[in-house]
Amino acid sequence: VQLQASGGGLVQAGGSLRLSCAASGRTFSTIAGAWFRQAPGKEREIVGAISWSGANTYYADSVKGRFTILRDNAKNMVYLQMNSLKPEDTAVYYCAAGRWSALLVDYHGVDYWGKGTLVTVSS
């Protein structure tokens with residue numbers, strides 16, 4: 001599975017961005033997808049995850065109610081809709097995929113990584 005993230009950019013606090021992750025490979029629709037982020041000087045952390053069917057989702061407490069993770073298996077896409085952005089959301093965001101239970105532990109459980117896309121939220 002190969003992943004390609006896009007959609008990052010500069011936005012003012014309170015604004016919105018939508019990140020997209022395009023996946024290739026026939027197995028993508030059978031595994032969980034996720035978004036991680038890494039801010040300067042900090043460890044990579046999970047933002048949200050979605051099961052292979054889309055029936056289950058997980059969000060970090062810091063983004064609950066503001067971010068939504070979605071997937072479209074017909075298009076091999078995973079999305080991260082980010083609303084009410086805060087300066088502390090500034091980070092490089094990475095698309096990831098792997099087993100659901102492993103993804104939720106930490107980033108060591110990720111089987112596939114995409115290149116990151118930078119999100120900068122100005123105050």
Side-chain angles (χ1 to χ4, degrees):
V1 175
Q2 292 186 323
L3 306 172
Q4 180 65 50
S6 62
L10 174 64
V11 64
Q12 287 189 330
S16 298
L17 275 178
R18 191 184 204 196
L19 304 184
S20 298
C21 177
S24 62
R26 291 177 294 175
T27 61
F28 178 72
S29 62
T30 66
I31 57 177
W35 289 92
F36 286 73
R37 68 184 180 186
Q38 188 165 18
K42 294 189 177 180
E43 194 167 83
R44 193 169 296 190
E45 62 176 1
I46 191 169
V47 175
I50 187 165
S51 61
W52 69 270
S53 67
N56 298 300
T57 55
Y58 166 85
Y59 297 97
D61 287 343
S62 58
V63 305
K64 277 181 183 176
R66 300 188 297 123
F67 290 12
T68 303
I69 188 168
L70 305 161
R71 71 186 297 161
D72 184 339
N73 285 339
K75 297 181 179 179
N76 271 5
M77 297 290 294
V78 174
Y79 305 96
L80 184 68
Q81 178 65 43
M82 304 186 294
N83 298 327
S84 302
L85 282 161
K86 304 175 181 180
E88 51 264 44
D89 294 318
T90 295
V92 177
Y93 284 70
Y94 297 89
C95 180
R99 290 176 296 117
W100 172 259
S101 57
L103 289 177
L104 297 187
V105 175
D106 62 27
Y107 64 88
H108 293 102
V110 173
D111 292 324
Y112 306 99
W113 286 106
K115 290 184 179 180
T117 184
L118 177 62
V119 173
T120 303
V121 184
S122 63
S123 58

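Within the structure, no pair that satisfies the disulfide bond (SG atoms under 2.5 Å apart) test touches residues 33-71, not counting sequence neighbours. Applying the salt bridge (Lys or Arg N to Asp or Glu O under 4.0 Å) test to residues at least two apart or on different chains, the pairs with a partner in residues 48-65 are Asp61-Lys64. The stretch residues 12-36 participates, sequence neighbours left out, in these ring pair (Phe, Tyr, Trp, His ring centres under 6.0 Å) pairs: Phe36-Trp113.
In this structure Lys115 satisfies the side chain to side chain contact (heavy atoms under 4.5 Å, CB included) test with no other residue, sequence neighbours excluded. Applying the side-chain hydrogen bond (donor to acceptor under 3.5 Å, both in side chains) criterion to Lys75, with sequence neighbours excluded, gives no partner residue. Contacts of Asn56 classified as side-chain hydrogen bond (donor to acceptor under 3.5 Å, both in side chains), with partners at least two apart in sequence or in another chain: none. Legend: residues meeting side-chain hydrogen bond (donor to acceptor under 3.5 Å, both in side chains) with Asn76, ordered by chain and number and at least two apart, are absent. Applying the side-chain hydrogen bond (donor to acceptor under 3.5 Å, both in side chains) test to Ser62 and every residue at least two apart in sequence or in another chain returns Arg37.
Taking a 4.5 Å side-chain heavy-atom cut-off between Ile, Leu, Val, Met, Phe, Trp and Tyr, the cluster of Trp52 contains only that residue. Under a 4.5 Å side-chain heavy-atom criterion applied to ILVMFWY residues, the cluster that includes Met77 comprises Leu70, Tyr79 as well.
Results of the side-chain contact (heavy atoms from CB on, under 4.5 Å) test with Val47 over Tyr59, Tyr58, Phe67 single out Phe67 as the only residue that passes.
Linking ILVMFWY side-chain heavy atoms closer than 4.5 Å, directly or via other members, places Val63 and Ile46 in two distinct hydrophobic clusters.
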Side-chain atoms of residues 1-23: list all donor-acceptor pairs with protein atoms under 3.5 Å, sequence neighbours left out, distances to 0.1 Å.
{"unit_1": "Ser16", "atom_1": "OG", "unit_2": "Asn83", "atom_2": "OD1", "d": "2.9"}

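In this structure the side chain of Val119 never reaches within 4.5 angstrom of the side chain of Asp89, judged on heavy atoms. For the pair Tyr107/Glu43, a side-chain contact is recorded, criterion being any heavy-atom separation below 4.5 Å from C-beta on.
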